[in-house]
Amino acid sequence: MADPTTPVALAADFPAADHAQWRGLIDKALKGADFDRRLVARTADGIRIEPLFTSRPAVSNDIEQPSSSADGLAWDIRQLQAGTDAAAVNAAILADLAGGASSITLQFAAPGQTGLASGAAEIARALDGVLLDVCPIALRAGENTAAAAAGLTALWAARGLAPAQQRGAFNYDPLGTLAATGALAYPLDATMRNAAALVKQTLPLPGVTALAAHGPVWHTAGASEGQELAAVLATVVAYLRAAEAAGVAPVQALPKIAVTLAIDADQLMGLAKLRAARLLFARVAEACGAPEAAQAMILAAETSTPMMTRRDPWVNMLRTTMACATAAMGGAQAITVLPYTWALGQSDAFAQRMARNTSIVLMEESALGRVADPAAGSFAVETLTADLAKIAWAQFQKIEAAGGLAAILSTGALQAEIAATAAAKVKDIATGKVALTGTSAFPRLGDDGVKVVPWPTLPPDAPPKGHRAAPLAAFRPSAPFERLRDAADAHTAKSGAPPRVFLVCLGPLAAHAARATWTSNFLAAGGIESVQSPPLLQSQDAGEAFRASGASVVCLCGADENYAELGEATASLLKTVGAQTLYVAGRPKDQDVALNAAGVEGFLYAGCDMIATLAAVQQALGVAGGNA
């Protein structure tokens, strides 16, 4: 009988894999096409994502992951409450905790955000009935963190909680506030002294962190993975310097800084980002002479806001599920899943329940938390982790060479770099290189049935008295498409009929079906309906079908050979019988000049700028305000 402890070589009977042989087969299948252009993807940082990874990187990625949260859960299920009414927030918190959440983030009114008032009485009302020795409370209060922290501290004292029983995160992140809003209430030196004082205040509280390096600030502006990590790392280092200047050593200060990273639906890069973060923090801790402190830092994750869409928001549930799974497998100790309606407005009980249930199902039914660092050993993840850590470290060094995070923000250089990255992302989506399901790809026309209460209007901020910098611009790649959809809806409401394009389908069904379907989806991304003609085999039939449609804008759909046979004559006829604007689906080779001469204004094709093209189609249809 075989020894059960002896490893079994499952591939022993097969010849060893040969990369050169594999590459030869790939080149044969590509038939001369460029390997890099067809099969190698690149991230926003320029990192290559190969079609096949065959070995671990030369640099070691050994990462010690925390096995579970303090409560024995695989991770802390942290729900965000951003309401403005304390009684309503209290009811929602109690429902969250009864439904499985393990901690709460309270959002407070501050420059750039709405939320609760930061007074002690308001906080007490919001947390009435919450067992504060069991449920950690995290604050999101921006410039009003000191007041919110004082209110929470007073509540702990009123409840009689000993220092060891107090659990929470004050999350003071003045550099993040400066980046997001462009202003601080106090001069920079005084602000950093306040941050250090908060660290000192929490030293006797083992369950409370004072400061935060909030990655979503940078991610929400469109930063790449490397830019987000570099900014977060620079934030941590700036706070360590402030604490050290106040007499707090790095070994004491590091555990008082909570780090949050934004995770989107890109699983590979999300895993690499979380794993690279631990490598980078370990390197900083080692450089500070406190290597053991890196493991005491709290690494949290929050699902991405830029990936959320307002149209067909049901798809957001799929996006946040992937992001939550990625955060869990990447070793995040606390995960906040934003409700699927976040981009639309305030979340109701159903949206909150779905957000917390995402974590619960992944934790309890999918058992994602039972294995520490399950991505370890994956050639792809290990390589991407090493590449991302290297790029983030280089960008961090660039920030440090500029005098640190506050200094580079004051020049506007980092904001400009992030804006350029965001613009490149928008271009990738506009040209179809990246698809937004339900928005730029497979859009759903009509009412999706989701109704929410809009977010309150932000009050005007008081003129800042402290440090100033150019604020980061908000980034949500679906926004240009949503503006087009809003303009189409307004046109429908005003005219009583949706904007509509008539598709002239040339040739038999097999010849035009693919392009007609693609064109219908393309137009729907701009809120434009399409009406297809029956298969048309001669030009005069197209004229009759057009007159019956009542449309003014037409798009020819067919195979290139149909265009060669019927396209020019059909276009000329359609113009003669009243077609105001005429498009062609696809880019028929060597026929564009003739088709343009026959009256064709433009071509709809994969790779064109969807936003600009759809805006032009809307303009031809008389839709006001559709210029995205």
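Model, not experiment: these values are computed from the prediction.
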Spacing of L116 atom CG and T84 atom OG1 [to the nearest 0.5 Å] | 7.5 Å
Report yes if the side chains of V434 and K425 come closer than 4.5 Å at any heavy-atom pair, otherwise no.
-> no
Under 3.5 Å side-chain donor-acceptor pair for Q227 and T421 | yes
side-chain contact (heavy atoms from CB on, under 4.5 Å) assessment of Q267 paired with M322 | CA-CA 7 Å; Q267 186 177 44; M322 179 58 75; 4.0 Å; yes
Of all residues at least two apart in sequence or in a different chain, which pass the side-chain contact (heavy atoms from CB on, under 4.5 Å) check with A221?
-> I418, L472
How are the rings of Y340 and W314 set relative to one another: parallel (under 30°), tilted (30 to 60°) or perpendicular (over 60°)?
-> parallel
Residues D387 and R48 bridged, charged N to O under 4.0 Å = no
Could you tell me whether the side chain of D76 reaches within less than 4.5 Å of the side chain of Q333, counting heavy atoms only?
-> no
From CA spacing to verdict: side-chain hydrogen bond (donor to acceptor under 3.5 Å, both in side chains), W342, T305 = CA-CA 8 Å; W342 187 260; T305 54; 5.6 Å; no
Would you confirm whether T385, through its side chain, and A276, through its main-chain N or O, come within 3.5 Å as a donor-acceptor pair?
-> no
Are any of the side-chain heavy atoms of L299 and L261 separated by less than 4.5 Å?
-> yes
What are the two closest heavy atoms between D448 and R310, and how far apart are they?
-> OD2-O, 4.1 Å
Under 3.5 Å, is there a donor-acceptor pair linking the side chains of S103 and R78?
-> yes
Any side-chain heavy-atom pair of C505 and S533 under 4.5 Å | yes
According to the side chain to side chain donor-acceptor pair (under 3.5 Å) rule, which pairs have a member within residues 490-500, sequence neighbours left out?
-> R500-E529
Just by distance, with hydrogens left out, do D560 and Q591 show a side-chain donor and acceptor under 3.5 Å apart?
-> no
Run the salt-bridge test on D173 and R140 with the 4.0 Å N-O cut-off and return the result as yes or no.
-> no
Check whether any side-chain heavy atom of L523 sits under 4.5 Å from a side-chain heavy atom of L503, and report yes or no.
-> yes
Can you check whether K433's main-chain N or O pairs, donor with acceptor, with D428's side chain at less than 3.5 Å?
-> no
In terms of heavy-atom contacts, R38 and A33 come closest through NH1-CB, 3.5 Å
Do F350 and T341 have side chains that get closer than 4.5 Å, going by heavy atoms?
-> no
